[in-house]
Colleague: 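Next up is a structure, given as structure tokens.
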Amino acid sequence: MQDEHIPLTANEALPRHIAIIMDGNGRWAQKRYLPRAAGHQAGVKTVRNIVDYCARHAIEVLTLFAFSSENWRRPKEEVSLLMGLFMATLQREVNKLDENGIRLRFIGDRSAFSPQLQEKIIAGERQTANNAGLNLVIAANYGGRWDMCQAMRKIAAKVGMGEVAVDDIDEKLISEQLSIADLPEPDLFIRTGGEKRVSNFLLWQLAYTELYFTETLWPDFDQQCLEQAIQDFSTRERRFGYTGAQIHAASQDH
Ligand code: IPE
Ligand code: IPE
Ligand code: MG
């Protein structure tokens, strides 16, 4: 059969929202006989490069999975090292983000963090709140299931107050209670480090996201690697349940 795929225009094919599981720091360090900490440190450099790329290429949202709600299970030393790294990175980078028009936000249960880190998070969000450039979302102590739980608690409270009837609970209402409900859902999901799983990242929001997995370890993931992922994305045909023919007809109408 002939390949009927009609590529979308470059502009339409650019993802508005890229969500990344930054995995492979530990293995990157191990390969070099370095402590895992060195891998996390090298990973911060990658974050800088990827944020820079997205900001310069008019990507609207970049969501980075920095620490999952399950990562507390790691050795105490690694957890506190990561917390220290978040703190130091925030301290160092917020002014630069602000100067570049980037709006910084955090999603996840921040109540588990030290008061100092919570303050830094709030200060970083406040300082950049009015910026109109890239939305940089850091998922920290985040879990997709946590997100759904907190959404359900909010809905239950609304029902309890009589603001919402049980029959009014629909997908739209649930979506609105989730983290970053005001931003478009991810178009492109990237996981580095070779594992092919979602590890409790944005579960609801990934319903129709294009998935991209690469063996490249996060510290080695450079701007060219990101470009390759975006290129791959631009060849996909997103059907959202329609047939390919329907999608082609609609794209020809444009
Ligand atoms: C991802 O790298 C960073 C965090 C989870 C904080 P890992 O630390 O999971 O690296 P690997 O998977 O052990 O190589
Ligand atoms: C997912 O990576 C979480 C982050 C990158 C922050 P993990 O390395 O924790 O995932 P699993 O445990 O291999 O699924
Ligand atoms: Mg890992």
Side-chain angles (χ1 to χ4, degrees), residues 1-25 27-28 43 45-66 100 102 107 133-139 144 171 175 178-254:
M1 236 189 80
Q2 276 277 310
D3 179 10
E4 284 194 322
H5 176 68
I6 300 168
L8 300 168
T9 68
N11 206 19
E12 271 175 316
L14 204 68
R16 294 176 69 188
H17 182 171
I18 302 175
I20 307 182
I21 299 189
M22 312 183 284
D23 197 19
N25 293 350
R27 279 163 287 161
W28 182 92
K45 237 184 249 165
T46 302
V47 170
R48 222 176 279 134
N49 290 336
I50 296 307
V51 169
D52 173 67
Y53 182 96
C54 290
R56 283 189 296 107
H57 288 80
I59 302 293
E60 287 177 47
V61 191
L62 173 66
T63 301
L64 299 175
F65 205 3
N100 290 321
I102 295 168
I107 56 171
L134 172 71
N135 285 283
L136 173 60
V137 181
I138 306 293
E171 292 187 13
S175 296
L178 291 166
S179 301
I180 50 170
D182 56 320
L183 299 174
E185 289 181 348
D187 301 294
L188 172 60
F189 160 101
I190 298 171
R191 181 170 189 147
T192 63
E195 311 298 349
K196 292 175 183 68
R197 52 178 175 255
V198 176
S199 298
N200 199 15
F201 196 23
L202 306 155
L203 296 177
W204 176 284
Q205 297 91 334
L206 290 176
Y208 265 105
T209 304
E210 294 295 328
L211 307 179
Y212 181 88
F213 297 94
T214 170
E215 294 293 323
T216 306
L217 304 171
W218 179 248
D220 293 327
F221 190 81
D222 57 17
Q223 297 192 348
Q224 219 177 332
C225 296
L226 176 59
E227 224 151 48
Q228 212 173 321
I230 294 174
Q231 174 56 35
D232 187 289
F233 169 85
S234 71
T235 65
R236 312 260 184 112
E237 183 180 79
R238 303 180 80 187
R239 297 196 195 97
F240 301 100
Y242 295 105
T243 66
Q246 284 175 297
I247 297 291
H248 296 167
S251 73
Q252 272 157 4
D253 285 349
H254 280 188

Colleague: Restricting to side chain to side chain contact (heavy atoms under 4.5 Å, CB included), what partner residues turn up for L211, sequence neighbours left out?
Modeller: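 Expected list: F189, F213.
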Colleague: List in chain and number order the residues that pass side-chain hydrogen bond (donor to acceptor under 3.5 Å, both in side chains) with R56, two or more places apart in sequence or in another chain; answer none if no residue qualifies.
Modeller: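 So R56 forms a side-chain hydrogen bond (donor to acceptor under 3.5 Å, both in side chains) with D52, Q223.
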Colleague: In chain order, what residues pass the side chain to side chain contact (heavy atoms under 4.5 Å, CB included) check against A66, with sequence neighbours excluded?
Modeller: M22, F86, I138
Colleague: Name all residues meeting the side-chain hydrogen bond (donor to acceptor under 3.5 Å, both in side chains) criterion together with S179; count only those two or more places apart in sequence or in a different chain, and write none if there are none.
Modeller: D147
Colleague: Under the rule for ring pair (Phe, Tyr, Trp, His ring centres under 6.0 Å), what residues qualify as partners of Y242, not counting sequence neighbours?
Modeller: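 Applying ring pair (Phe, Tyr, Trp, His ring centres under 6.0 Å) to Y242 gives none.
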Colleague: Residues in side chain to side chain contact (heavy atoms under 4.5 Å, CB included) with E195, at least two apart?
Modeller: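 Listed in chain order: D23, R27, R191, R197.
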Colleague: Evaluate the side-chain proximity of L202 to T209: yes if any heavy-atom separation is below 4.5 Å, no if none is.
Modeller: no
Colleague: Sequence neighbours left out, what passes salt bridge (charged side-chain N to carboxylate O under 4.0 Å, His left out) with E215? Give chain and number order.
Modeller: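 Salt bridge (charged side-chain N to carboxylate O under 4.0 Å, His left out) list for E215, sorted by chain: K196.
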Colleague: Who pairs with Y212 by ring pair (Phe, Tyr, Trp, His ring centres under 6.0 Å), at least two apart in sequence or on another chain?
Modeller: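 Counting only residues at least two positions away or on another chain, Y212 forms no ring pair (Phe, Tyr, Trp, His ring centres under 6.0 Å).
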Colleague: With side chains defined as the heavy atoms from C-beta onward, is the minimum distance between D187 and L14 less than 4.5 Å?
Modeller: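 No, their side chains stay 4.5 Å or more apart.
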Colleague: Can you name the side-chain hydrogen bond (donor to acceptor under 3.5 Å, both in side chains) partners of T63, sequence neighbours left out?
Modeller: H17
Colleague: Taking only residues two or more places apart in sequence or in another chain, which ones pass salt bridge (charged side-chain N to carboxylate O under 4.0 Å, His left out) with D232?
Modeller: R236
Colleague: Specify the closest pair of heavy atoms between I190 and A229, including all atoms of both residues, with the distance to one decimal.
Modeller: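 Taking I190 first and A229 second, the nearest heavy atoms are CD1-CB, 3.7 Å.
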Colleague: Is the closest side-chain heavy-atom distance between P219 and K45 below 4.5 Å?
Modeller: no
Colleague: Among all residues two or more places apart in sequence or in another chain, which pass the ring pair (Phe, Tyr, Trp, His ring centres under 6.0 Å) test with W218?
Modeller: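 Ring pair (Phe, Tyr, Trp, His ring centres under 6.0 Å) check on W218 returns F221.
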Colleague: Taking side chain to side chain contact (heavy atoms under 4.5 Å, CB included) as the definition, give me every residue that meets it alongside Q224, ordered by chain and number, with sequence neighbours left out.
Modeller: D222
